[in-house]
Peer 1: 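Following this message is one structure expressed as structure tokens.
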There are 2 protein chains.
Amino acid sequence: MEATKRHRRKMQSVTMMDVAERAQVSPSTVSLYLRKPDAVSATASRAIAEAIDALKYVPNLMAGGLAAASSRAVSVIVPSVRNAFFAETVATMQAELGRERLQVMLGHSEYSEREEENLVKMALSWKPAAIVLTGLSHTATTRRLLKESSVPVVELWELGREPIDMAVGFYHEQVGSTAATHLVQRGRKQLLYIGARLQEDRRAALRADGFLRTARETDGVTAEIIEHPAPASAAIGAMLLAEAIKKYPDADAIACSNDHIALGVIFECQRIGISIPERLSVIGFGDLSFSGACNPALTTIRPPGDLIGTEAARLILERIRSFEHPAPQVIDTRFTLLQRQSS
Amino acid sequence: MEATKRHRRKMQSVTMMDVAERAQVSPSTVSLYLRKPDAVSATASRAIAEAIDALKYVPNLMAGGLAAASSRAVSVIVPSVRNAFFAETVATMQAELGRERLQVMLGHSEYSEREEENLVKMALSWKPAAIVLTGLSHTATTRRLLKESSVPVVELWELGREPIDMAVGFYHEQVGSTAATHLVQRGRKQLLYIGARLQEDRRAALRADGFLRTARETDGVTAEIIEHPAPASAAIGAMLLAEAIKKYPDADAIACSNDHIALGVIFECQRIGISIPERLSVIGFGDLSFSGACNPALTTIRPPGDLIGTEAARLILERIRSFEHPAPQVIDTRFTLLQRQSS
DNA sequence: TTCGTAAATCGCAGCGCTATGATTAGCCCA
DNA sequence: TGGGCTAATCATAGCGCTGCGATTTACGAA
């Protein structure tokens with residue numbers, strides 16, 4: 001019937017133009033209505049809303065992002081969402097940002113700065129509204145890319161050195177220090193720190209540092225560290241406790257790099273008949289779902305994973321809304337010592 | 001100096017055109033090189049690669065997505081990534097899809113079909129390469145939107161009714177049935193199922209159904225259920241165990257809706273002096289990080305969260321690569337009974 | 001009634017890339 | 001040496017939307 005047209009293209013069934021036509025306004029007005037509803041008259045708003053509804057219009061964010069040179073996506077890069085800490089933060093951020101119709105794009109660095117750099121490059125391709133990283137350690141290239149990009153950047157879960165742009169978290173040395181102080185106050189003298197994967201998990205290593213420093217600064221108190229390269233788990237915790245007791249039979253307190261380890265310690269103590277807290281005090285980090293229900297209930301330090309998420313989301317939203325006040329750059333969320341039965 | 005131009009636009013520093021110019025080829029060739037490297041000659045490839053490197057070109061995926069009417073994003077919607085099961089799957093999918101430069105966009109339905117529907121609408125705005133949902137229950141609108149969209153859809157973690165498009169998971173009734181059979185084989189007669197949030201967590205409810213049905217079909221075996229509306233946790237598990245023992249003092253086996261609950265059961269039994277497995281067998285679901293390290297080690301059923309992720313990613317990639325063979329629609333990943341000390 | 005001003009609305013010109021079909025280069029064999 | 005083919009490359013025409021400035025409308029004051 002027809003000669004083949006030179007060019008044909010796929011298309012979206014309903015576009016903004018269709019909505020405009022039905023609502024008897026220009027596409028510009030529809031666009032305005034979608035982006036800044038307050039700038040459109042009540043009459044027009046009603047007509048446009050009706051048209052959108054009737055046509056089941058779905059905006060094309062790719063087109064919008066291209067035209068605006070920035071998307072409604074926020075790239076969030078964490079070591080792994082398998083880790084309950086980061087899961088909490090990611091979940092909270094998604095909820096907060098989703099409310100403003102911002103999409104969370106997720107990436108896992110698996111504790112590798114190299115991999116993180118790749119993810120940042122990918123993320124930049126999306127012209128994200130913001131990029132969220134975990135920690136303050138990144139490759140030089142990562143830092144350069146982000147500084148050059150002028151995309152808002154938030155670094156989570158760690159304070160200390162200068163952030164690229166904004167940071168939300170707490171000082172991990174302080175966590176270790178707080179744990180040591182607590183154990184000393186409970187009358188303990190021979191402290192042990194047991195940790196997993198301190199090479200990869202820089203923040204766990206910082207906690208260990210703070211713990212050892214504070215303990216050793218105290219008169220009459222000794223502190224040693226026992227570590228293992230495997231990822232933190234209860235099984236590793238149990239193993240390390242056995243090893244620790246063999247090596248330091250007179251130890252009277254154990255701080256664990258996180259609550260998984262501490263759980264293993266508790267179980268192993270049950271097995272070999274060490275009573276907690278009489279003979280051994282135990283303190284963890286994380287306040288995981290089981291920590292309060294252990295036997296004995298685990299004394300631990302709770303990092304505010306959800307607060308970190310909400311604060312990060314807040315910073316991002318403020319930054320997006322106005323270029324003016326570049327918000328406080330660094331937010332210290334603190335952490336909480338929860339004293340329970342194990343110490 | 002200059003009259004203001006009518007229009008000015010923001011722009012990306014380095015575009016594909018810049019690369020083309022430096023490499024002495026047309027933009028089309030650069031585009032082709034990026035999408036199908038094999039279709040470009042070695043000479044051109046080298047020149048283009050050099051130019052990309054020298055100019056530090058970063059492709060604009062928004063522009064690409066708009067032109068191609070489909071993006072490199074995969075929307076993944078789970079009840080919550082706080083749940084270790086879904087975290088595992090999400091992490092695995094991100095790794096697998098990231099390898100092919102597909103971006104995971106994350107959404108949390110918080111166990112609400114209504115919220116899931118909103119997330120699906122948002123997702124569709126991005127013209128995703130695929131949409132991944134959890135479970136087979138969705139609102140009618142969700143199903144309609146997805147069917148009309150012609151976007152590949154994968155439903156995870158549950159088999160049973162007809163999927164929208166593809167599905168990867170297992171039968172939760174079978175999980176319950178397997179648990180019941182196992183306990184009966186261990187000589188148990190008075191079985192109890194304790195579960196949390198069975199109203200919201202449809203899959204947990206299915207497991208309970210399968211458990212009760214199989215148990216009650218067995219001669220000489222009784223089975224009761226005890227539930228609680230709060231989210232699963234060790235604390236709830238401990239509470240429910242206490243309640244269960246009061247109500248059914250002669251019960252000799254407990255199946256838990258997941259390992260968090262089971263952990264609470266173990267701790268509570270320790271406290272009130274019930275020996276596991278002598279007096280009471282315990283079986284969980286999930287094989288969480290602590291399950292093998294408990295005291296006693298927990299018998300549980302392991303769902304293959306990682307396998308679900310890899311299989312889903314594989315289906316998506318196959319579907320993207322070719323429209324031809326619409327792959328097997330449903331993949332049953334099965335699950336594994338891990339018998340340990342608690343039963 | 002007319003004008004000035006603010007509030008609404010509109011028209012234009014792309015954003016940076018890809019799909020398509022057309023064109024050119026490369027190469028084997030007769 | 002030329003024909004016939006395949007492999008490479010290219011030019012074109014948008015994809016659907018937004019930012020900007022221009023234009024129109026609304027409305028009270030003079």
Side-chain angles (χ1 to χ4, degrees), chain A residues 3-21 23-48 52 55 57-72 101 124-127 129 323, chain B residues 3-21 23-48 52 55 57-72 101 124-127 129 323:
Chain A
T4 315
K5 294 293 296 184
R6 269 280 297 267
H7 279 83
R8 63 267 179 49
R9 320 228 84 256
K10 293 91 179 287
M11 50 183 166
Q12 174 157 337
S13 40
V14 181
T15 73
M16 191 176 273
M17 255 191 64
D18 300 319
V19 174
E21 232 161 65
Q24 306 265 38
V25 297
S26 78
S28 299
T29 306
V30 177
S31 173
L32 197 62
Y33 168 79
L34 256 16
R35 287 174 296 114
K36 305 179 177 169
D38 296 341
V40 175
S41 71
T43 331
S45 292
R46 221 171 302 118
I48 295 170
I52 287 176
L55 299 174
Y57 169 65
V58 178
N60 183 332
L61 289 178
M62 306 296 288
L66 175 59
S70 145
S71 73
R72 305 282 302 165
R101 310 198 64 76
L124 253 10
S125 298
W126 287 95
K127 308 282 161 198
F323 279 104
Chain B
T4 315
K5 295 289 298 185
R6 268 282 295 270
H7 279 84
R8 62 268 179 52
R9 318 229 88 253
K10 295 89 179 288
M11 52 184 161
Q12 176 159 336
S13 39
V14 182
T15 72
M16 190 177 275
M17 255 190 65
D18 300 318
V19 173
E21 234 162 65
Q24 305 265 40
V25 296
S26 77
S28 298
T29 308
V30 177
S31 173
L32 197 60
Y33 168 80
L34 256 17
R35 286 174 297 116
K36 304 178 179 172
D38 296 340
V40 175
S41 71
T43 331
S45 291
R46 221 171 303 118
I48 294 170
I52 287 176
L55 300 173
Y57 169 65
V58 177
N60 183 331
L61 289 177
M62 307 296 288
L66 175 59
S70 144
S71 73
R72 306 278 306 163
R101 310 198 63 77
L124 253 10
S125 298
W126 287 94
K127 309 282 162 198
F323 278 105

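These numbers come from a predicted model, not from an experiment. Note that these values count all heavy atoms, side chains included, but never hydrogens, waters or copies made by symmetry. Below, chain A is the first sequence line, B the second, and so on; all start at residue 1.
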Peer 1: Between the two end axes of the helix from dT1(C)-dA30(D) to dA30(C)-dT1(D), each built from 5 base pairs, what angle do you get to the nearest 10°?
Peer 2: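 About 40° separates the two local helix axes.
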Peer 1: Does Val25(B) reach the side chain of Tyr33(B), with side-chain heavy atoms less than 4.5 Å apart?
Peer 2: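 SC-SC contact between Val25(B) and Tyr33(B) ruled out.
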Peer 1: Flag yes if more than 12 heavy atoms outside Arg35(A) fall under 6.0 Å of its CZ atom; otherwise flag no.
Peer 2: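 Enclosed: over 12 neighbouring heavy atoms sit under 6.0 Å from CZ of Arg35(A).
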Peer 1: Okay, side chain of Ser125(B), backbone of Leu61(A): is any donor-acceptor separation there less than 3.5 Å?
Peer 2: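 Such a contact is absent between Ser125(B) side chain and Leu61(A) backbone.
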Peer 1: Whole angstrom is fine here: how far is it from CG in Asp18(B) over to C1' in dC17(C)?
Peer 2: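 Rounded to whole Å, this separation is 13 Å.
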Peer 1: Which part of the nucleic acid does Pro27(B) contact within heavy-atom distance under 4.0 Å: base, sugar-phosphate only, or nothing?
Peer 2: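 Pro27(B): no heavy atom of the nucleic acid under 4.0 Å.
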Peer 1: Measure from CD1 on Ile48(A) to P on dT9(C) and round the result to the nearest Å.
Peer 2: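 Ile48(A) atom CD1 is separated from dT9(C) atom P by 8 Å.
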Peer 1: Does a side-chain N or O of Ser31(B) approach OP1 or OP2 of dC17(C) to a distance below 4.0 Å, or not?
Peer 2: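 Result: no.
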Peer 1: Among the nucleotides dT18(D), dC17(C), dC17(D), which one has an atom lying closest to any side-chain atom of Arg35(A)?
Peer 2: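 When the side chain of Arg35(A) is considered, dT18(D) is the closest of dT18(D), dC17(C), dC17(D).
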Peer 1: If you compare all heavy atoms of Arg101(B) against all heavy atoms of Arg72(B), which two are closest, and at what distance to 0.1 Å?
Peer 2: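 Taking Arg101(B) first and Arg72(B) second, the nearest heavy atoms are O-NE, 3.5 Å.
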Peer 1: For Leu66(A) and dG19(D), what is the distance between atoms CG and P respectively, to the nearest whole Å?
Peer 2: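 Going from Leu66(A) (CG) to dG19(D) (P), I get 12 Å.
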Peer 1: Check Leu66(B) against Ala63(A) and note the closest heavy-atom contact, atom names and distance.
Peer 2: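 Heavy atoms only, the tightest pair is CD1-CB, 3.6 Å.
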Peer 1: Taking the nucleotide of DNA chain D with the closest heavy atom to each, which residue, Val14(A) or Asp38(B), is nearer the 5' end?
Peer 2: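 Final value for this comparison: Asp38(B).
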Peer 1: Nearest whole Å is fine: how far is dC17(C) C1' from Trp126(A) CH2?
Peer 2: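 After rounding, the gap between these two atoms is 13 Å.
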Peer 1: Ignoring hydrogens and angles, answer whether the base of dG11(C) and the side-chain atoms of Ser28(A) contain a donor-acceptor pair closer than 3.5 Å.
Peer 2: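 Present.
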Peer 1: May I ask you to evaluate whether Ser41(B) reaches the phosphate of dT9(D), defined as a side-chain N or O under 4.0 Å from OP1 or OP2?
Peer 2: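 Result: yes.
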Peer 1: I want to check one thing: is the phosphate of dG16(D), taken as OP1 and OP2, less than 4.0 Å away from some side-chain N or O of Thr15(A)?
Peer 2: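 Looking at the OP1 and OP2 atoms of dG16(D), neither is under 4.0 Å from any side-chain N or O of Thr15(A).
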Peer 1: Do Pro27(A) and Val30(A) have side chains that approach each other closer than 4.5 Å (heavy atoms only, starting at C-beta)?
Peer 2: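 No. Closest side-chain heavy atoms not under 4.5 Å.
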Peer 1: Would you kindly give the NZ-to-P distance between Lys127(B) and dG16(D), to the nearest whole Å?
Peer 2: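 Taking atom P of dG16(D) as the reference, NZ of Lys127(B) is at 8 Å.
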Peer 1: Report the residue (Pro59(A) or Ala44(B)) whose heavy-atom-nearest nucleotide on DNA chain D is the more 5′ of the two.
Peer 2: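 Result of the comparison: Ala44(B).
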Peer 1: Rounded to the nearest Å, what distance is computed from the CE atom of residue Met16(A) to the C1' atom of nucleotide dC15(D)?
Peer 2: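 Answer to the nearest Å: 14 Å.
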Peer 1: Whole angstrom is fine here: how far is it from CG in Leu32(B) over to P in dG16(C)?
Peer 2: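 About 21 Å, once rounded to whole Å.
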Peer 1: To the nearest Å, give me how far apart CG (Leu61(B)) and C1' (dC15(D)) are.
Peer 2: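 To the nearest whole Å, that distance equals 15 Å.
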Peer 1: Which nucleotide in the set dA11(D), dC10(C), dT18(D) lies at the smallest distance from any side-chain heavy atom of Ser26(B)?
Peer 2: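 Selected nucleotide (nearest to the side chain): dA11(D).
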Peer 1: Looking at the side chain of Val40(A), which of dT9(C), dC17(C), dG16(D) is the nearest nucleotide?
Peer 2: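 Closest of the options to the side chain of Val40(A): dT9(C).
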Peer 1: What is the minimum heavy-atom distance between Tyr57(B) and Val14(B), and which atoms define it?
Peer 2: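 Smallest interatomic distance, heavy atoms only, reads CD1-O, 3.5 Å.
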Peer 1: Within the structure shown, what part of the strands sits under 4.0 Å from Tyr57(A) by heavy-atom distance: base, sugar-phosphate, or nothing?
Peer 2: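 Sugar-phosphate only.
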Peer 1: Might you work through the side chain to side chain donor-acceptor pair (under 3.5 Å) test for Ser26(A) and Thr29(A), ending with a clear yes or no?
Peer 2: CA-CA 5 Å; Ser26(A) 78; Thr29(A) 306; 3.3 Å; yes
Peer 1: dC10(C), dA19(C), dC17(D): which one has an atom nearest the side-chain heavy atoms of Ala68(B)?
Peer 2: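 The answer is dA19(C).
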Peer 1: Both Met62(B) and Lys36(B) contact DNA chain C. Taking the nearest nucleotide for each, which residue is further toward the 5' end?
Peer 2: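 Checking each residue's closest nucleotide, the 5'-ward one belongs to Met62(B).
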Peer 1: Among dT9(D), dA19(C), dG16(D), find the nucleotide with the atom closest to the side chain of Ala67(A).
Peer 2: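 For Ala67(A), the side-chain atoms sit closest to dG16(D).
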